[in-house]
Number of protein chains: 2
Amino acid sequence: MTRQELIQEMRRLGIRVTAQRLAVAEVMLSSYDHPAAPAVYERVQAHLPHITMSTVYNTIQVLAKGGFIQPLSFPDGTRYDANPSPHANLVCVQCRAIVDAMDDEGWVGRLREQVTGKGGFQVMSQRVDFYGVCPKCAAKGVS
Amino acid sequence: MTRQELIQEMRRLGIRVTAQRLAVAEVMLSSYDHPAAPAVYERVQAHLPHITMSTVYNTIQVLAKGGFIQPLSFPDGTRYDANPSPHANLVCVQCRAIVDAMDDEGWVGRLREQVTGKGGFQVMSQRVDFYGVCPKCAAKGVS
DNA sequence: TTTACTGCAAAGGGTTTGCATGAGG
DNA sequence: CCTCATGCAAACCCTTTGCAGTAAA
């Protein structure tokens, strides 16, 4: 998504475009490690040294409401996922890394189909996390 | 699970058995609405009026570590799931109700099989949530 | 008897809010 | 111009922690 497309999409959703929001959105959309707010703050500071955490949190809420990102609550804070397609996350319980799981065959979407329509529950979105130990941590800690 | 079986299982895991822990565990294991800590506290108070939130939180940690319950973090607090089998949760974004989704055909387990073994990630547990509007709320708010 | 759990109160930390200033449409 | 976003600081709320007393094993 180019900067122009991003601006157009924001305007289409009635989101007022500011330098801060653009910066936060671009960091979010180009981050694949599911950053928390403080990490987003740090990265945005490289472009906008004067931005504050309030604005980052405010913008995050706006972007979430607009469907650009999905919040993932964890005990130690909220991480954000900018991948709009149905997928699973692999969450390392040791280093807290989060990566998207390969799901070429669309199993998450299929699971959603199974759930939808049963019992009259209207599914709007989903969160699929698998918790465990990533290859790096498994190599380090020889458990 | 009877009270005696619960006690034996706790001892087997090296968990010291106290009246407070038994009460919290029994409330947890007999609650199917995925209660948050304050709700657990209220229910336990019916049996142990003198218990405190500290003890409830302490016990919750112990039970989670022992694998009796799974914490589910949400923006407005943590809910707890006492269903040990792989399943999906249906989370109503309006009334915050959480119910287990029927998964007779084991789709969640199958999805886990797909993820496990790909890329060397060691899966230990999972969380599968579907967010939407429950039948009750759909009937009320005619959206 | 030894270990560690309970209760109480206070602290912790990510996130939200109130308000004056400043910028977008 | 009018509305709404930003920045700053303080407040929020769920959860954790420190400590003295007490109960489990």
Side-chain angles (χ1 to χ4, degrees), chain A residues 3-4 6-28 34-42 44-45 47-66 68-80 96 98, chain B residues 3-4 6-25 27-28 34-42 44-45 47-66 68-80 96:
Chain A
R3 179 186 295 250
Q4 283 311 316
L6 176 60
I7 293 176
Q8 285 182 14
E9 185 66 9
M10 288 175 72
R11 279 209 233 275
R12 196 181 65 79
L13 293 170
I15 298 174
R16 187 174 287 189
V17 177
T18 68
Q20 290 88 338
R21 289 183 173 177
L22 261 184
V24 171
E26 290 189 320
V27 164
M28 281 291 193
H34 308 70
V40 174
Y41 175 60
E42 282 181 15
V44 171
Q45 273 189 321
H47 301 84
L48 290 177
H50 202 61
I51 197 172
T52 62
M53 278 296 279
S54 304
T55 300
V56 171
Y57 275 111
N58 176 324
T59 303
I60 282 174
Q61 284 187 325
V62 170
L63 293 178
K65 208 162 294 181
F68 289 95
I69 57 178
Q70 181 188 17
L72 302 175
S73 285
F74 288 96
D76 55 346
T78 305
R79 308 279 290 264
Y80 299 93
R96 315 257 68 197
I98 304 178
Chain B
R3 179 186 295 250
Q4 283 310 317
L6 175 59
I7 293 176
Q8 285 181 14
E9 186 66 10
M10 287 175 74
R11 278 208 234 275
R12 195 181 66 78
L13 292 171
I15 299 174
R16 187 172 288 191
V17 177
T18 67
Q20 290 88 338
R21 288 183 173 177
L22 261 184
V24 171
V27 163
M28 280 292 192
H34 307 71
V40 174
Y41 175 60
E42 282 180 15
V44 171
Q45 272 188 320
H47 301 84
L48 290 178
H50 203 61
I51 198 173
T52 62
M53 279 296 278
S54 304
T55 299
V56 171
Y57 274 112
N58 175 323
T59 303
I60 283 174
Q61 283 187 329
V62 170
L63 294 177
K65 210 162 292 180
F68 289 96
I69 57 177
Q70 181 187 17
L72 302 175
S73 284
F74 287 96
D76 55 348
T78 304
R79 307 280 289 264
Y80 298 94
R96 314 259 69 197

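Protein chains get the first letters and strands the later ones, always in sequence-line order, with residue 1 at the start of each.
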When the distance from [atom1] of [X] to [atom2] of [N] is rounded to whole Å, what number comes out?
X	N	atom1	atom2	value
Ile60(A)	dA5(D)	CD1	C1'	15 Å
Phe74(A)	dT15(D)	CZ	P	16 Å
Gln45(A)	dG7(D)	CD	P	11 Å
Leu63(B)	dC5(C)	CG	P	12 Å
Leu13(B)	dA25(D)	CG	P	14 Å
Gln61(A)	dA5(D)	CD	P	11 Å
Leu72(B)	dT15(D)	CG	C1'	17 Å
Met53(A)	dC8(D)	CE	P	14 Å

Please list all pairs passing the side-chain hydrogen bond (donor to acceptor under 3.5 Å, both in side chains) test where one or both residues lie in residues 53-62 of chain B, with sequence neighbours left out.
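Sorted result for residues 53-62 of chain B: Thr52(B)-Thr55(B).
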
DNA chain D: Arg79(B) or Gln20(A), which has the more 5' nearest nucleotide?
Gln20(A)

To the closest 0.5 Å, what do you measure between [atom1] ([X]) and [atom2] ([Y])?
X	Y	atom1	atom2	result
Arg16(B)	Met10(B)	CZ	CE	11.5 Å
Met53(A)	Glu42(A)	CE	CD	9.5 Å
Met28(A)	Tyr80(A)	CE	OH	6.5 Å
Leu6(A)	Arg11(A)	CG	CZ	10.5 Å
Ile51(A)	Arg21(A)	CD1	CZ	10.5 Å
Thr78(A)	Ile60(A)	OG1	CD1	8.5 Å

Quick check on dT15(C): is either OP1 or OP2 less than 4.0 Å from any side-chain nitrogen or oxygen of Thr78(A)?
yes

Is a donor on one side and an acceptor on the other found under 3.5 Å between the side chain of His34(A) and the backbone of Ile98(A)?
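Yes, the answer is positive, given that a donor and an acceptor are paired below the 3.5 Å cut-off.
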
Which nucleotide in the list dT15(D), dT6(C), dG7(D) gets nearest to the side chain of Tyr57(B)?
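Looking only at side-chain atoms, Tyr57(B) lies closest to dT15(D).
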
Nearest to the side chain of Arg21(A), heavy atoms from C-beta on, is which of dT15(D), dT6(C), dA5(D)?
dA5(D)

Does any part of the side chain of Arg96(A), heavy atoms only, come nearer than 4.5 Å to the side chain of Arg79(A), both counted from C-beta?
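Counting from C-beta outward, Arg79(A) and Arg96(A) do come under 4.5 Å.
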
Which letter, B, S or -, goes with each nucleotide of nucleotides 18-25 of chain C from 5' to 3', with contact meaning a protein heavy atom under 4.0 Å?
-----BBS

Quick test: give all pairs of protein nitrogen or oxygen and nucleotides 19-22 of chain D nitrogen or oxygen below 3.5 Å, distance rounded to 0.1 Å.
none

